[in-house]
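Computation of the quantities below employed the complete heavy-atom set of this structure, encompassing side-chain atoms and omitting hydrogens, waters and symmetry-equivalent molecules.
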Amino acid sequence: MRRTLIHGDDDDPATEVVELTVGKVEYRLQRRGRATVIVFYGGHMRAGLALGEDVFADADCSVLVPSRPGYGHTPVSTGRSASGFADVTAALCARLGITNVAAVVGVSGGGPTAVAMAARHPAIVERLILQSAVGPLPWPDRHTYLGAQVIFGPGRERATWALVRALVRRAPDTALRLLLRDLTTLPAAEMVAGLRPEDRVQLTALFSRMRSGHGFLNDLRDLRADADPRLLLADVTQPSLVIASRRDGAVPFTHAQALAAGLRHADLLESSADSHFVWFGDDWPAVAARMRNFLSAGPASAL
């Protein structure tokens, strides 16, 4: 197997790039126990970043995180759609010797890929977990779509994130208010004021290491045009856990409700978080405990 080790910058964990017959894909695999969880992150995230993965470590699960198309070192041509990249990830699992997946986890814009993975590869996927995930409703809205073309378009994406990093270093509170403004239904200043000091540190560190590459614009095109989220929900036979907050300003709570209604065997868990980031809600310990219980519920067969 031809693989290339990619050393992370700053505190980013190292990743690997493997050449599959369907193209190159970057991934991070942290082996722990026998159970494996696959995490599909959303916009501006890649395999070299981690968010809320402690819950899987606490459950003694190995974690596989692929960079979706256009993010990190995965070319946008590798499984460009949600369904296409689900198949790429199944091929990656086969290459890595992973024959059973305790759960696929879809975060935000990674939700449709997780749904597709569960629907298209039920022989290896036992459960589905969706966190603040894009569902079968129209997304993004016109404002988000057009704004992203300006901010993250060719020749501007790198400059945009350089500006973000500079602002985070020089005026972190101002940066958080600007960056969280569209991620909460609350006034941004109120939301930021309610953050714990450790949450501020984690969020500023995360924002300073994000990049969009070609991935975010590919997501927006794919999710506006692709009917997969609507068509594949009924094909998911596995137990599913949908987690979301009503104060999410990026992906409306109605997406979570539509996901829970469209999936055959789904529970909807409402977070009290003040934003898209459910990991920073006061009830995150309880949410994490529910996720661990969901993962350890015994063999998960189609109901």
### Message
If you apply the rule side-chain contact (heavy atoms from CB on, under 4.5 Å), what do you find for His73 with Lys24, and how did you get there?
### Response
CA-CA 8 Å; His73 295 276; Lys24 292 181 181 179; over 6 Å; no

### Task
Go through the steps to decide whether Asp282 and Ser272 satisfy the test side chain to side chain donor-acceptor pair (under 3.5 Å), and finish with yes or no.
CA-CA 7 Å; Asp282 290 338; Ser272 66; 5.8 Å; no

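Judged as a side-chain hydrogen bond (donor to acceptor under 3.5 Å, both in side chains), and not counting sequence neighbours, Asp54 has no contacts. Residues satisfying the side-chain contact (heavy atoms from CB on, under 4.5 Å) test with Thr185, not counting sequence neighbours, are Arg247. Among residues two or more places apart in sequence or in another chain, the side-chain contact (heavy atoms from CB on, under 4.5 Å) test is passed with Arg290 by Leu241, Asp267, Leu269. Under the rule for a side-chain hydrogen bond (donor to acceptor under 3.5 Å, both in side chains), the partners of His276 that lie at least two apart in sequence or sit in another chain are Ser108, Asp248. Partners of Arg181 by side-chain hydrogen bond (donor to acceptor under 3.5 Å, both in side chains), not counting sequence neighbours: none found. Scanning for salt bridge (Lys or Arg N to Asp or Glu O under 4.0 Å) contacts around Asp182 gives an empty result, with sequence neighbours left out.
Annotation: side chain of Val236 is not in contact with side chain of Arg264 (no heavy-atom distance under 4.5 Å). Residues Phe277 and Leu51 are in side-chain contact: their nearest non-hydrogen atoms beyond the backbone lie under 4.5 Å apart. Side-chain atoms of Tyr71 and Val76, non-hydrogen and from C-beta on, never get closer than 4.5 Å to each other. Taking the side chain as every heavy atom from C-beta outward, Leu263 and Leu130 approach each other to under 4.5 Å. At least one side-chain heavy atom of Trp279 sits less than 4.5 Å from a side-chain heavy atom of Val107.
Here Arg211 pairs with Glu157 in a salt bridge; the nearest charged N to carboxylate O distance falls below 4.0 Å. Ion pairing of Glu270 with Arg246 is present here, as a side-chain N (NZ or NE/NH1/NH2) and a carboxylate O approach within less than 4.0 Å.
Heavy-atom neighbours of His121 NE2 from other residues, nucleotides or ligands within 6.0 Å: above the threshold of 12.
Considering every non-hydrogen atom in both Pro112 and Leu223, the closest pair reads CG-CD2, 3.4 Å.
Between the side chains of Gln202 and Arg200, no donor-acceptor pair is found at a separation under 3.5 Å.
Not less than 6.0 angstrom separates the ring centroid of His44 from the ring centroid of Phe207.
Residue Arg68 is tested with Asn218, Asp222, Asp219, Thr74 for a side-chain hydrogen bond (donor to acceptor under 3.5 Å, both in side chains); the sole match is Asp219.
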